[in-house]
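Notes follow the structure.
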Amino acid sequence: MKRVAYILFLSCLFGVTTATAQEMTREERIKALERLQAEDIEWEKNTLNVMSQSVPEEIETMSLPPLSVFLDAVEENATVKRAQSQIDQAKNELSLQKRDWWNLIRISAGYSYGKYNTVGNASDELTPIYQTVMSSAQHSYNIGAGVAIPLGEFTNRKKKLKQFKYNIEQLQYAKEEIMENRRLLILDSYNTVTQLLATIQAKAETAALYNAQMKIIEYDFIQGKMDITSLAMERGRRSGAVTAYAQARVELHNAIVLLEMLTNVKIINEK
C-alpha cells in the first residue's frame with residue numbers, strides 16, 4: 001500500500017490527475033518510471049535481500065529424504081537416550097537384587113604358621129622340680145560357613161523383584177510415549193516442509209510472471225497507453241508477488257532447520 005501511495009504521490013507531483021494522466025509528456029513518464037525503478041532497487045536491497053541473506057539459493061529445488069529416515073532418527077534424540085539409560089539402570093538394579101541372596105551366606109577362614117614354645121615342669125625323687133621348654137613349628141588353620149535367613153527378607157523377596165519389574169515396565173512405557181510425541185512433531189514438521197516445497201515453486205513462477213509483465217506495462221506507460229494509477233496498481237501486485245515468494249523461501253528455510261533440529265538429519269549442505 002505504501003508503494004501504491006508513493007506512485008500516486010508522483011502523479012500529484014507532476015500535477016497529473018487520473019483523468020489527465022494521458023497528457024503527461026514522454027519525458028515526464030520516463031522520469032517518473034526512473035524514480036519508481038530506483039525505489040524498487042532500494043526496496044529490494046533493504047527488504048528482500050535482508051530476508052533472503054541466510055537462505056540458500058537452491059532451497060526450493062532440494063529434495064527431502066524419505067520420511068522413514070527422519071522417524072528412525074528418533075532413537076538418536078537426547079531425550080530418548082536418557083529414557084533408555086533409565087531403563088538400563090533399572091534393569092541393572094533388578095540384576096543386583098536377584099543376586100542379593102548371596103549376602104545371606106557367611107564364610108570365614110583363618111590360617112597361621114609359626115614356632116610355639118611349650119613350658120613344662122619336671123622332677124623325680126632325686127631332682128627338685130625344674131622347668132622345661134620345648135619349641136616346634138606348627139600350622140594352624142580353620143574354616144567355617146554359615147547361613148542367616150531373615151524371615152521378612154525371605155517372604156518379601158518375590159514382591160521386591162516384581163516391584164523392580166513394574167518400574168522397568170513404566171520406564172519403557174515412558175520411553176515409548178516420548179518417542180511417539182517426538183514422531184508426531186517430526187511428522188508435522190515434515191509435512192510443513194513438503195507443503196512449502198510444493199507451493200514455493202508456484203510462488204516463484206508467479207513472481208517471475210509479474211516481473212516479465214512489468215516490462216510490458218512499463219513500456220505501455222512510456223508510450224502513453226497506461227496512466228500512472230494503473231501503473232501503481234500493477235507494480236503493487238508485482239511487489240506483493242515478489243514479497244510472497246521471498247517470505248515463502250524464509251518459511252521453508254526455517255521449517256527445514258526445525259526438522260534438522262528435531263532429527264539431527266542434515267538436509268541443507270553448508271558451503
Side-chain angles (χ1 to χ4, degrees), residues 1-3 40-91 168-215 235-271:
M1 295 300 296
K2 292 182 178 180
R3 292 173 58 77
D40 282 346
I41 295 174
E42 189 68 19
W43 170 68
E44 291 179 1
K45 177 182 177 181
N46 296 333
T47 305
L48 298 185
N49 292 345
V50 173
M51 290 174 60
S52 303
Q53 61 183 358
S54 60
V55 181
E57 290 293 334
E58 69 283 359
I59 191 168
E60 63 262 27
T61 60
M62 65 174 53
S63 58
L64 285 178
L67 177 60
S68 59
V69 174
F70 299 98
L71 295 179
D72 292 341
V74 170
E75 293 283 353
E76 300 301 320
N77 180 261
T79 306
V80 177
K81 286 183 177 180
R82 183 178 63 181
Q84 181 59 48
S85 177
Q86 292 174 343
I87 294 174
D88 295 339
Q89 181 182 2
K91 288 182 177 180
I168 292 174
E169 287 182 1
Q170 292 175 5
L171 290 175
Q172 288 175 336
Y173 292 146
K175 177 189 173 183
E176 291 175 3
E177 183 179 1
I178 292 173
M179 293 178 64
E180 182 179 355
N181 292 335
R182 201 77 183 180
R183 287 193 179 103
L184 290 175
L185 289 175
I186 292 172
L187 180 60
D188 182 65
S189 180
Y190 185 89
N191 289 338
T192 300
V193 174
T194 303
Q195 181 181 4
L196 290 173
L197 280 172
T199 59
I200 195 172
Q201 191 62 37
K203 292 182 179 181
E205 292 174 357
T206 301
L209 178 62
Y210 272 106
N211 286 331
Q213 288 180 341
M214 209 64 237
K215 300 295 182 182
R235 295 185 72 84
R237 294 189 184 97
R238 178 257 179 189
S239 299
V242 173
T243 302
Y245 172 57
Q247 290 175 342
R249 284 171 51 84
V250 174
E251 291 175 2
L252 176 59
H253 179 261
N254 293 340
I256 291 176
V257 171
L258 176 60
L259 185 58
E260 289 181 337
M261 293 176 62
L262 289 173
T263 61
N264 292 326
V265 176
K266 199 64 178 175
I267 304 172
I268 302 175
N269 295 322
E270 299 292 341
K271 295 183 179 181

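With sequence neighbours left out, the side chain to side chain contact (heavy atoms under 4.5 Å, CB included) criterion links V69 to P65, P66, V265. Listed by chain and residue number, E234 satisfy the salt bridge (charged side-chain N to carboxylate O under 4.0 Å, His left out) test with R237 (two or more places apart in sequence, or in another chain). Listed by chain and residue number, L262 satisfy the side chain to side chain contact (heavy atoms under 4.5 Å, CB included) test with L185 (two or more places apart in sequence, or in another chain). K81 is linked by a salt bridge (charged side-chain N to carboxylate O under 4.0 Å, His left out) to E76, counting only residues two or more places apart in sequence or in another chain. Applying the side chain to side chain donor-acceptor pair (under 3.5 Å) test to T194 and every residue at least two apart in sequence or in another chain returns nothing. Take Y245 and apply the side chain to side chain donor-acceptor pair (under 3.5 Å) test, not counting sequence neighbours, and it matches E60.
Among L258, N77, V74, the one residue that satisfies the side chain to side chain contact (heavy atoms under 4.5 Å, CB included) test with I186 is V74.
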Verdict with supporting geometry, E251 and T192, side-chain contact (heavy atoms from CB on, under 4.5 Å):
CA-CA 10 Å; E251 291 175 2; T192 300; over 6 Å; no
Please report, to 0.1 Å, the donor-acceptor pairs under 3.5 Å made by any side chain of residues 195-212, with sequence neighbours excluded.
from: T199; atom 1: OG1; to: Q195; atom 2: O; distance (Å): 3.2
from: T199; atom 1: OG1; to: L196; atom 2: O; distance (Å): 3.3
from: T206; atom 1: OG1; to: A202; atom 2: O; distance (Å): 2.9
from: N211; atom 1: OD1; to: R238; atom 2: NE; distance (Å): 2.8
from: N211; atom 1: OD1; to: R238; atom 2: NH2; distance (Å): 3.2
from: N211; atom 1: ND2; to: A207; atom 2: O; distance (Å): 3.2

Mind listing the side-chain donor-acceptor pairs of residues 171-181 below 3.5 Å, one per line with the distance, residues two or more places apart or on another chain?
from: K175; atom 1: NZ; to: Q84; atom 2: OE1; distance (Å): 2.4
from: N181; atom 1: ND2; to: E177; atom 2: O; distance (Å): 3.3

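If you take CZ on F70 and CG on L259, they are separated by 4.5 Å, rounding to the nearest 0.5 Å. Summarising the geometry, atom CD belonging to Q86 is positioned 13.5 Å from atom NZ belonging to K91; distances are rounded to the nearest 0.5 Å.
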